[in-house]
Amino acid sequence: MSNVSLRNISKSFGGQRVVDGVDIEVHQGELVTLLGPSGCGKTTTLRMIAGLEDADEGSILLGDKVVSDPARGLFLPPERRALSMVFQSYAIWPHMTVFDNVAYPLKVRGRRGDDLRSEVEAALRLVELDALAQRPATAVSGGQQQRVAIARAIVAKPDVLLLDEPLSNLDARLRLKMGEDLRSLQRRTGITALYVTHDQGEALSLSDRVVVMDKGRVLQIGTPEEVYFRPDNLAVSTFFGSPNLFPATVEDCRYLADGLYQLQVRSDLHRGRCLSARAFSTGSPVRVMFRPETFSLIARTVAIGDGDMVFTGQVASAWFRGASRSLVIENGCGRIQAELPATQPVRVGDSITVMSPAEAAWCIADGPSVSQFPCAENSAPFGRQLQDSAP
Ligand SMILES: Nc1ncnc2c1ncn2[C@@H]1O[C@H](COP(=O)(O)OP(=O)(O)OP(=O)(O)O)[C@@H](O)[C@H]1O
């Protein structure tokens, strides 16, 4: 059973639709992230689930209980929904100790004495703050304040935890550590969580599933691997990093298995196989996506698999990134972006050959949202160049 169900939810502010027909099902024990650019409606969606904002249309269910359905005049206030929320600002009460902050939600429910104490201590142990229980809440670090906010959110054992950019006030290093801690706490407690962020890395590393949103709509819902390597459309593909998106034409399409199709495509850069989540008719214009990190440096004499993407050219730019080196490689007809291990000593001006396997190629319907590939008008078949020039 889903723990949170959003069915066709919409919301407008001053005539502007900021959430537009959103459908999301979050299952028991899942951590689902709402990811999208600033202003795309993530926080408004979370606030409607919390009951801090009323939806204009659609229904919201927590478990099998309808908590919002404007068509039926139904709206349950936040205190009658079994959930709690962690805000970006933490909203810690500065005049209270760490213990009293965490105890507060239980006190308003009438809990007192040993019962209250043992519940609060258990929550503080979970976030490893038991040693700081009697400190004033303002006398702990930013990361510890964030943990106070999480302990306070989980102490009353809500069915659902809502987190709105809970790590964004922390520095990069602490953010990584707190994200991992938060995820392991969520797994241990089995609590269902909805997490809002505009940070792609955070969404990909922490979530069971990611909801990619833009302009109030859901673009795709999938596992981190699906939204990254198998985007439904160009908008999702370009939301994560800078993929290579080669214009191509479909030559053949057949159903493979598990909702996947195998296509034979021809682009100016190569002729090869790629996978897709949908069928295309012969002659359809498509985009073939290769993520930069799927390329590896190869010797010119290496044997090439049928349909692999091979590119020989000169390194036009090389950016050292610590773990990797971001390259732009050009030849007379076009350019690709490749991300190689930094241990490979590639320099600007080097002539190199890189290869990405056919299995890494993903086919997306063509669309107007990305600029045209610079080599689109050139028909030189230099995907075969490697074999032609190999000794
Ligand atoms: N109470 C409000 N009154 C009017 N407009 C609002 C209100 N709350 C949000 N908006 C507008 O609704 C749109 C969506 O806002 P929302 O906060 O949901 O976006 P978001 O994706 O969470 O953005 P961010 O990542 O910047 O927090 C924005 O254009 C915002 O200005």
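In this chain, numbering begins with 1 at the start of the sequence shown. Start at 1 and go down the list; that is how both ligands and their atoms are numbered.
In summary, the aromatic rings of F239 and H198 are positioned with their centroids too far apart to meet the 6.0 Å limit. Taking the ring centroids of W362 and F229, they lie at or beyond the 6.0 Å cut-off.
Using a cutoff of 4.0 Å between basic side-chain nitrogens and carboxylate oxygens, R175 and D199 are scored as salt-bridged.
The proximity of E165 to ligand 1, defined as any non-hydrogen pair under 4.0 Å, is limited to the side chain. Of all the heavy atoms of T43, the ones lying under 4.0 Å from any atom of ligand 1 are found in both the backbone and the side chain.
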> Passes side-chain hydrogen bond (donor to acceptor under 3.5 Å, both in side chains), S10 versus R17? Steps please.
Replying inline: CA-CA 7 Å; S10 295; R17 210 163 234 244; 3.2 Å; yes
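In this structure, Y104 contributes its side chain and V108 its backbone to no donor-acceptor pair below 3.5 Å.
Nearest protein neighbour of atom 6 (C) of ligand 1, counting heavy atoms only, is F13 CD1, 3.2 Å.
Where the criterion is an N or O separation shorter than 3.5 Å, residue side chain and backbone included, E53 fails it with respect to ligand 1. Ligand 1 has no N or O atom lying under 3.5 Å from any N or O atom of Q16, backbone or side chain. For ligand 1, the polar-atom distance check against V18 finds no nitrogen or oxygen pair separated by under 3.5 Å. Inclusion of V196 in the set of residues having an N or O under 3.5 Å from an N or O of ligand 1 is not warranted. The N/O atoms of G39, backbone and side chain alike, include one that comes under 3.5 Å of an N/O atom in ligand 1.
Between F246 and F290, the ring-plane angle classifies as tilted under the 30° and 60° cut-offs.
If you take CD on Q314 and CD1 on I329, they are separated by 11.0 Å, rounding to the nearest 0.5 Å. Summarising the geometry, atom CG belonging to L126 is positioned 12.5 Å from atom CD belonging to E121; distances are rounded to the nearest 0.5 Å.
There is a protein heavy atom less than 4.0 angstrom from atom 21 (O) of ligand 1. For atom 30 (C) of ligand 1, the protein comes within 4.0 Å by no heavy atom at all.
Those atoms of ligand 1 that come under 4.0 Å of a heavy atom in P37, given as number and element, are 21 (O).
Note on ligand 1: G14 sits outside its first shell, no heavy atom being nearer than 4.0 Å.
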